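What you see is a predicted model, and the numbers here were worked out from it, not measured in a lab.
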Amino acid sequence: MKKYIQSARLLEPELVVEGTKMVDAMANAIVSIIPDALSSHLPVIVAITSTVFTFIMANDPYYFGIVPVLAQTAGNFGINPVEIGQASLLGQPLHLLSPLVGSVYVLIGLVGIEYGELLRFTVKYAVRTAFVMTLASVLFGVLSV
C-alpha cells in the first residue's frame with residue numbers, strides 16, 4: 001500500500017509545479033511590477049489578473065505556483081492572505097471558456113459551432129461577470145481596497 005501512496009503522491013499538482021522555475025519566475029515578475037503605492041489594492045489586482053491568468057494557464061500552476069507567492073507578498077503588506085485566495089477565484093468565469101477546459105470542446109461539439117464563435121459571443125459576458133463579482137466583493141468588504 002505504501003508503494004501506491006508514494007507513487008500517487010508524485011502526481012500531486014504542487015509537486016509537479018514545485019520542480020519548475022518558470023512559475024516562480026512568473027509569480028516574482030507579477031510581484032515586481034506592482035508599485036508599492038498600489039500594494040494596498042493587491043486583492044483587487046489579483047482579482048483582475050486572475051481573469052487573464054486562469055484563461056491562459058491551467059489551474060494547478062496558477063493556484064499552486066503563483067497565488068501562494070501573491071498571498072505571501074500580501075501578508076508582507078499587512079493584507080490577509082485569505083483575501084488573495086478569494087480574489088484569485090473571481091477570474092473563473094473566463095477560465096471556463098479557456099481552451100484548457102475540456103468541457104468547452106463538448107459544448108462546441110454539441111452546439112455545432114467553432115471555438116472562435118464561442119469566444120466572440122461569450123467573452124464579453126464572462127469578463128463582465130468577473131467585473132461585477134469583483135465589484136461586489138469590494139462593496140461587501142470581502143476584498144479590501
Side-chain angles (χ1 to χ4, degrees), residues 5 7-145:
I5 293 172
S7 63
R9 175 129 168 77
L10 293 175
L11 299 176
E12 288 185 17
E14 60 268 13
L15 292 178
V16 173
V17 173
E18 192 177 285
T20 66
K21 299 297 177 200
M22 182 180 70
V23 174
D24 294 338
M26 288 174 66
N28 291 327
I30 294 166
V31 169
S32 69
I33 63 172
I34 299 172
D36 288 341
L38 293 178
S39 62
S40 64
H41 303 293
L42 193 57
V44 175
I45 293 169
V46 170
I48 293 167
T49 57
S50 75
T51 305
V52 175
F53 282 117
T54 59
F55 182 79
I56 62 173
M57 67 186 338
N59 279 337
D60 291 347
Y62 181 70
Y63 288 109
F64 291 111
I66 292 178
V67 172
V69 173
L70 294 172
Q72 183 178 13
T73 302
N76 292 338
F77 285 118
I79 299 169
N80 188 348
V82 171
E83 285 188 49
I84 300 302
Q86 293 167 333
S88 69
L89 295 173
L90 296 175
Q92 287 300 301
L94 191 62
H95 170 70
L96 294 174
L97 300 173
S98 171
L100 302 171
V101 176
S103 61
V104 170
Y105 298 104
V106 174
L107 174 66
I108 62 176
L110 289 173
V111 176
I113 60 173
E114 295 292 322
Y115 180 70
E117 291 176 77
L118 174 73
L119 283 183
R120 279 189 292 279
F121 181 76
T122 56
V123 163
K124 57 186 171 250
Y125 298 111
V127 170
R128 288 177 189 159
T129 300
F131 175 75
V132 168
M133 288 169 43
T134 302
L135 183 63
S137 297
V138 170
L139 291 175
F140 289 122
V142 175
L143 299 182
S144 61
V145 180

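S144 is linked by a side-chain hydrogen bond (donor to acceptor under 3.5 Å, both in side chains) to E83, counting only residues two or more places apart in sequence or in another chain. Residues satisfying the side-chain hydrogen bond (donor to acceptor under 3.5 Å, both in side chains) criterion with N59, sequence neighbours excluded, are H95.
Legend: ring pair (Phe, Tyr, Trp, His ring centres under 6.0 Å) pairs involving residues 123-145, not counting sequence neighbours, sorted by first then second residue: F121-Y125. For the ring pair (Phe, Tyr, Trp, His ring centres under 6.0 Å) condition, no pair includes a residue of residues 29-62, sequence neighbours left out.
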Acceptor/donor pairs from residues 111-118 side chains to any protein atom, 3.5 angstrom cut, sequence neighbours excluded:
{"residue": "Y115", "atom": "OH", "partner": "L97", "partner atom": "O", "Å": "2.6"}
{"residue": "E117", "atom": "OE2", "partner": "E114", "partner atom": "N", "Å": "3.0"}

For residues 63-75, run the donor-acceptor check on the side chains, cut-off 3.5 Å, and write out each pair with its distance to 0.1 Å, sequence neighbours left out.
{"residue": "Y63", "atom": "OH", "partner": "S88", "partner atom": "O", "Å": "2.9"}
{"residue": "Y63", "atom": "OH", "partner": "Q92", "partner atom": "NE2", "Å": "2.9"}
{"residue": "T73", "atom": "OG1", "partner": "V69", "partner atom": "O", "Å": "2.8"}

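For the pair V123/L94, a side-chain contact is recorded, criterion being any heavy-atom separation below 4.5 Å from C-beta on. With a 4.5 Å cut-off on side-chain heavy atoms, I84 and P43 count as touching. Using a 4.5 Å heavy-atom cutoff, the side chains of L90 and L143 are in contact.
The minimum heavy-atom distance between G91 and S50, with the atom names listed, is N-OG, 3.1 Å. In plain terms, the two heavy atoms of L38 and I45 that are nearest each other are O-CD1, 3.9 Å.
We find the CG-CG distance between D60 and L100 to be 11.0 Å, quoted to the nearest 0.5 Å. To the nearest 0.5 Å, atoms CD (Q86) and CG (N80) are separated by 7.5 Å. Note: T49 OG1 to I34 CD1 = 7.0 Å, rounded to the nearest 0.5 Å. Note that OG of S39 and CD1 of I79 are 6.0 Å apart. Values are rounded to the nearest 0.5 Å.
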